[in-house]
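Take a look at the structure set out below.
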Amino acid sequence: MRATIRLAATGVTLAMLLLGAARASHAADSLNPPADAKAFQKFFTDKFPKVKLEDFVNGPYSMDEGLYKQWKEKEEFPPYEFALDAGRDLFAKPFKNGKSFADCFPNKGIGIRQNYPYFDEKRGKVITLEVAINECLESNGEKPFSYTKDDMASVTAYMAFTSRGKPFDIKIPNDPRALAAYENGKKYFYTRRGQLNFSCATCHVQSPGDHIRAEVLAPALGILNAMPIYRSEWGGMGTISRRFTSCNSQVRAVPLKPQDDEYRDLEYYLSYVSNGLPISGPGARP
Amino acid sequence: MRNSVIRISVFCAMSVLLASGAISAWAASTEADYKAAYSAAETANNEAGKLRNQWTTTVSALKDAKKAAEGGDFDKAVALSKHAEALAKASIFQSTEQKDAWKAMEIK
């Protein structure tokens with residue numbers, strides 16, 4: 001992995017691209033999300049036989065015993081505590097029109113994180129929790145939050161917290177557009193991009209547990225269950241949107257706009273293949 | 001007499017300046033060269049944008065090219081524009097190649 005990164009970083013991009021072209025294999029298309037999810041989970045449990053399925057949600061901490069101990073210690077005084085409190089307040093605070101977040105969500109927004117994103121058949125689009133939160137604000141005459149941090153991180157932290165332990169339960173309705181969104185998300189996940197010519201899978205499928213700079217790469221299985229996260233490097237909290245855009249920049253790809261269709265579809269795919277793994281957010285990272 | 005000597009030497013100095021200007025214009029890049037190179041790079045980068053695959057390095061090369069041109073260094077501005085165009089074209093190539101090649105990495 002290190003060697004790959006170094007090689008790519010020297011910027012001999014075209015040569016790598018050409019190699020990639022020669023290697024490309026064209027398997028017949030067949031869309032079968034349940035089979036995908038099964039193969040995805042099997043890949044990681046085979047690769048890391050010592051890690052329990054539900055522990056993959058701890059990202060880098062699931063990959064290394066020393067780190068796991070650090071994580072246990074961190075959880076005693078979690079650095080996301082402040083955001084969690086802020087989120088609880090924001091969630092309860094009435095909008096100017098007297099309504100609140102509870103009025104926008106099933107079960108008043110408590111314990112529902114595991115059901116996002118979902119496919120909205122009326123609009124033919126994937127709706128992530130972040131999008132649903134901003135739609136709630138806007139439909140009640142409030143200003144939307146920035147997608148990447150601060151209030152959005154706080155409210156999603158609170159909503160994840162009330163859902164801890166509930167397994168991801170992402171559904172793909174019998175609608176060709178839903179299947180297309182799922183497939184588009186899968187494609188985004190495996191597509192190489194940026195000058196370094198990496199896909200999400202290069203780092204989070206082929207190299208989880210490896211070190212990249214000072215960080216340990218998280219496995220793609222359960223990679224969204226702990227969101228949003230506190231990161232020391234950010235000096236604060238970040239949402240799924242923040243993580244996706246920063247992972248794009250790392251490979252020298254210009255990030256898309258938060259919650260553009262590709263990112264929504266990507267989140268749909270990644271959440272679906274982690275069905276059955278428990279929500280553990282908010283998370284704390286080194 | 002004095003006057004004409006002065007006039008001649010002024011003329012000589014000017015023609016040397018002009019000549020050297022002409023030579024350097026012939027060897028080096030003009031603003032027009034920069035504009036053409038920059039526009040080609042921008043077009044390629046816009047195409048990469050349509051493919052949703054711009055590279056950060058292309059964007060910064062374009063920015064640096066503009067800065068060099070603003071500082072009057074058209075040689076540098078042209079070189080950076082060409083670099084940006086090459087990067088943009090590589091990103092387009094990458095997108096085209098990945099249209100199907102992404103499947104090679106899929107967990108089955």
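Order of the sequence lines sets the chain letters (A, B, ...), proteins ahead of strands, with each chain counted from 1. Everything numeric in this text was worked out from a predicted model, so none of it was measured.
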_If you compare all heavy atoms of B:Gln94 against all heavy atoms of A:Gly194, which two are closest, and at what distance to 0.1 Å?_
NE2-O, 3.1 Å

*Can you name the residues of residues 40-57 of chain A that have some heavy atom under 4.5 Å away from a heavy atom in chain B?*
A:Phe40, A:Phe43, A:Phe44

*Distance in Å, B:Gln54 CD paired with A:Leu256 CG, rounded so as to fall on 0.5 Å steps*: 9.5 Å

*Worked verdict on A:Gln195 versus B:Thr56 for side chain to side chain contact (heavy atoms under 4.5 Å, CB included)*: CA-CA 8 Å; A:Gln195 194 187 10; B:Thr56 54; over 6 Å; no

*Under the ring-ring contact (aromatic ring centres under 6.0 Å, His included) rule, collect the residues that match up with A:Phe168, sequence neighbours excluded.*
none

*Provide the closest heavy-atom pair for B:Lys99 versus A:Lys187 in the form atom of the first, atom of the second, distance.*
O-CE, 4.0 Å

*Starting from the C-alpha separation in whole Å, work towards a yes-or-no answer on side chain to side chain donor-acceptor pair (under 3.5 Å) for A:Thr191 and B:Gln98.*
CA-CA 6 Å; A:Thr191 295; B:Gln98 284 293 300; 4.8 Å; no

*With side chains defined as the heavy atoms from C-beta onward, is the minimum distance between B:Met105 and A:Arg192 less than 4.5 Å?*
yes

*With sequence neighbours left out, write down each residue that passes salt bridge (charged side-chain N to carboxylate O under 4.0 Å, His left out) with A:Asp36, or none if nothing qualifies.*
A:Lys186

*At what distance, to the nearest 0.5 angstrom, does CH2 of B:Trp55 lie from CG of A:Asn248?*
14.0 Å

*In Å and rounded to the nearest 0.5 Å, what is the CZ to OG distance from A:Arg193 to B:Ser91?*
12.0 Å

*Between the side chain of A:Tyr190 and the main-chain N/O of B:Ile107, is any donor-acceptor distance below 3.5 Å?*
yes

*asked:* If the condition is side chain to side chain donor-acceptor pair (under 3.5 Å), which residues does A:Ser241 pass it with, not counting sequence neighbours?
replied: A:Glu130, A:Gln259

